[in-house]
Number of protein chains: 2
Amino acid sequence: MAHHHHHSHVDCIRLVPIFNHLNEEQMSLIAQSAHEVHYEKNALLFGSGDKDDTLYIVNNGRVRIYNLNESGREQTVRILNPGDFMGEVAIFQTESYHSNYAEAISEVSICRIHKKDMNDYLDAYPEIIRRILSDVTKRLQVSEKQTMQVGMEQVESRIIDFLSEYVENEENHTYVTLPMSKKDLASYLGTTPETISRKFSALEEKGLIKQHTHKYIEIFDLDELLFSSS
Amino acid sequence: MAHHHHHSHVDCIRLVPIFNHLNEEQMSLIAQSAHEVHYEKNALLFGSGDKDDTLYIVNNGRVRIYNLNESGREQTVRILNPGDFMGEVAIFQTESYHSNYAEAISEVSICRIHKKDMNDYLDAYPEIIRRILSDVTKRLQVSEKQTMQVGMEQVESRIIDFLSEYVENEENHTYVTLPMSKKDLASYLGTTPETISRKFSALEEKGLIKQHTHKYIEIFDLDELLFSSS
DNA sequence: CGTACTCTTGACATAGATCAATACAAGTGG
DNA sequence: CCACTTGTATTGATCTATGTCAAGAGTACG
């Protein structure tokens with residue numbers, strides 16, 4: 001399922017915000033203790049309750065983190081892109097158990113660094129831990145916002161808010177390329193695919209957006225769209 | 001509204017998990033740069049968007065952190081007890097703005113430490129930042145769990161889950177003393193006071209709990225209660 | 001002891017979940 | 001490169017949990 005490569009220099013260290021302030025020499029030292037691992041699409045990298053003591057850094061591809069409730073519904077927590085890391089729960093707390101699930105949503109290459117090694121680097125280069133803290137703090141902020149949205153806002157507002165975070169502009173076209181399937185978007189926004197589908201259709205009927213393909217959505221008037229949600 | 005005291009030794013440093021591994025001398029050094037501030041019940045310590053660059057440590061009393069959505073509904077994010085800290089968003093990220101609201105839910109005394117001073121201590125005593133990271137990581141985990149619950153679970157399950165985290169035992173009595181008003185509980189669980197009220201009544205009718213006072217709730221059979229939610 | 005919350009209960013409205021059937025898209029193997 | 005299979009997306013019909021509005025009861029506090 002997962003197959004291993006060994007390089008003397010592992011590229012991913014160089015790309016990652018938590019390490020890229022280091023010099024070449026320092027980075028290649030760290031790289032030596034990192035294992036590169038590949039996963040195919042849909043592979044489960046780890047599950048809730050798994051004992052583990054490595055930090056995962058995404059080198060290539062995308063990973064989805066989610067939780068399961070008792071009735072088996074999934075709540076997507078976040079999507080990791082290259083340069084993002086995960087598994088810090090297992091590293092920075094005394095109990096080394098994962099609290100959620102990580103799934104490859106494309107072919108993925110990952111660098112894994114052991115807790116023990118990581119601790120050495122944290123001691124040697126204190127800037128690393130500051131960057132990690134900054135990242136985790138940011139994520140806490142995002143997570144708290146997501147909690148509020150999921151608990152208090154109508155689905156339509158959540159969608160609009162989500163879209164507004166992914167808008168791009170190009171020669172007076174405003175559009176969004178959804179970073180995940182609508183199924184996963186539903187899970188991220190705490191609703192069902194059916195409801196997502198209906199709400200997108202509703203926005204389209206109101207003339208606010210146009211769905212060119214399932215993932216490519218044109219936005220006619222962003223301000224009006226934002227206004228309509230409040 | 002808030003009145004200031006100056007002590008050469010500020011007690012709160014001693015009590016706080018992120019500092020209490022330091023020796024007396026180190027703690028009193030830090031204490032010297034900490035300001036103790038008192039707030040009365042219902043005072044707002046800070047609001048979303050406020051520029052600020054201090055870390056807040058709760059010395060006495062309880063503080064509620066919440067967010068507001070556009071329609072003015074509050075989502076309670078967490079309740080701080082003595083020893084807990086907040087405001088790390090403003091400290092550990094480059095932009096020094098609060099992203100949520102903090103309100104005293106009792107009379108409160110707080111220690112405030114400036115970003116600049118804090119950074120010095122982080123450099124001098126690296127263990128502090130590790131403890132902070134561990135705390136923030138833990139909170140991220142809790143927040144992600146809360147997101148899932150608010151998004152995916154029925155209100156009754158959320159209540160039961162909440163109760164199960166606060167159960168105490170005493171001479172074959174199982175009970176919960178609610179750490180906040182039902183109004184605030186509603187906000188924490190992403191619902192309304194009315195719904196909370198109804199669900200508690202429903203649990204009582206099913207013979208699973210008995211509400212002796214508004215905040216003191218006896219639980220007859222915890223296992224059965226937990227079972228009934230799944 | 002009365003003013004002001006918080007809490008409870010009722011009646012009613014509705015957003016969104018669920019179930020089911022069909023259409024679309026993408027990936028696979030011949 | 002085209003059938004075929006599998007998963008994703010859409011749309012409709014129905015059901016239900018929970019929100020909203022309103023009125024009364026309980027509690028706490030000055």
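In this structure, A:Thr213 reaches neither bases nor backbone, as no heavy-atom distance under 4.0 Å exists between it and the strands shown. A:Gln211 comes within contact range of the sugar-phosphate backbone alone, with a heavy-atom separation under 4.0 Å but no base atom that close. Residue-level contact check: B:Glu194 touches the bases, meaning some heavy atom is under 4.0 Å from a base atom. Within the 4.0 angstrom heavy-atom criterion, no nucleotide atom of any strand lies near B:Lys41. Residue contacts shown for B:Ser181 are limited to sugar-phosphate atoms, with no base heavy atom under 4.0 Å away.
Within 6.0 Å of CD in B:Glu218 there are more than 12 heavy atoms belonging to other residues, nucleotides or ligands.
In this structure, A:Tyr56 and A:His98 have perpendicular ring planes: the angle between them is above 60°, well past the 30° mark. Ring orientation note: the planes of B:Tyr66 and B:Tyr101 are close to parallel, at an angle under 30° on the 30°/60° scale.
In this structure, A:His212 atom NE2 and D:dA9 atom P are separated by 18 Å, rounded to whole Å. Remark: C1' of C:dC7 and CG of B:Asp184 are 13 Å apart, rounded to the nearest angstrom. Here C:dA26 presents its C1' atom at 14 Å from NZ of A:Lys183, a figure rounded to the nearest Å. Remark: C1' of D:dT16 and NZ of B:Lys199 are 10 Å apart, rounded to the nearest angstrom. We find that CG of A:Asn42 is positioned 15 Å from P of D:dT6, with the value rounded to whole Å. One interatomic measurement links the two molecules: CD1 of A:Ile105 to C1' of D:dT8, which rounds to 15 Å at whole-angstrom precision. At whole-Å resolution of the value, CG in A:Leu189 and P in C:dA15 are 18 Å apart. In this structure, CZ of A:Phe200 is placed 10 Å from P of D:dA9, rounded to the nearest angstrom.
Judged by the 6.0 Å distance and 45° axis criteria, B:Lys182 is positioned over the aromatic ring of B:Phe200. Within the cation-pi definition used here (under 6.0 Å to the ring centroid, within 45° of the axis), B:Arg139 qualifies as a partner of B:Phe85.
At least one side-chain nitrogen or oxygen of A:Thr192 sits closer than 4.0 Å to the OP1 or OP2 atom of C:dA17. Put simply, B:Ser197 has a side-chain N or O that comes within less than 4.0 Å of OP1 or OP2 on C:dT8. For A:Thr191 and C:dA17, the shortest distance from a side-chain N or O to OP1 or OP2 is below 4.0 Å. Residue A:Lys215 places no side-chain N or O under 4.0 Å from the OP1 or OP2 atom of C:dA25.
Considering only the side chain of B:Arg158, D:dT18 comes nearest among D:dT18, C:dA25, C:dT18. Of the candidates C:dT8, C:dT9, D:dT18, C:dT9 carries the atom nearest the B:Ser201 side chain, counting heavy atoms from C-beta on.
Comparing B:Gly151 and B:Ile196 along DNA chain C, the residue whose closest nucleotide (by nearest heavy atom) sits nearer the 5' end is B:Ile196. Taking for each of B:Glu153 and A:Pro193 the nucleotide of DNA chain D with the nearest heavy atom, the 5'-most of the two is the partner of A:Pro193. Comparing B:Met180 and B:Arg198 by the nucleotide of DNA chain C whose heavy atom lies nearest to each, the residue mapping closer to the 5' end is B:Met180.
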side-chain contact (heavy atoms from CB on, under 4.5 Å), that's the test. Do B:Glu156 and B:Lys199 meet it? Break it down for me. CA-CA 6 Å; B:Glu156 196 165 295; B:Lys199 295 299 176 189; 4.0 Å; yes
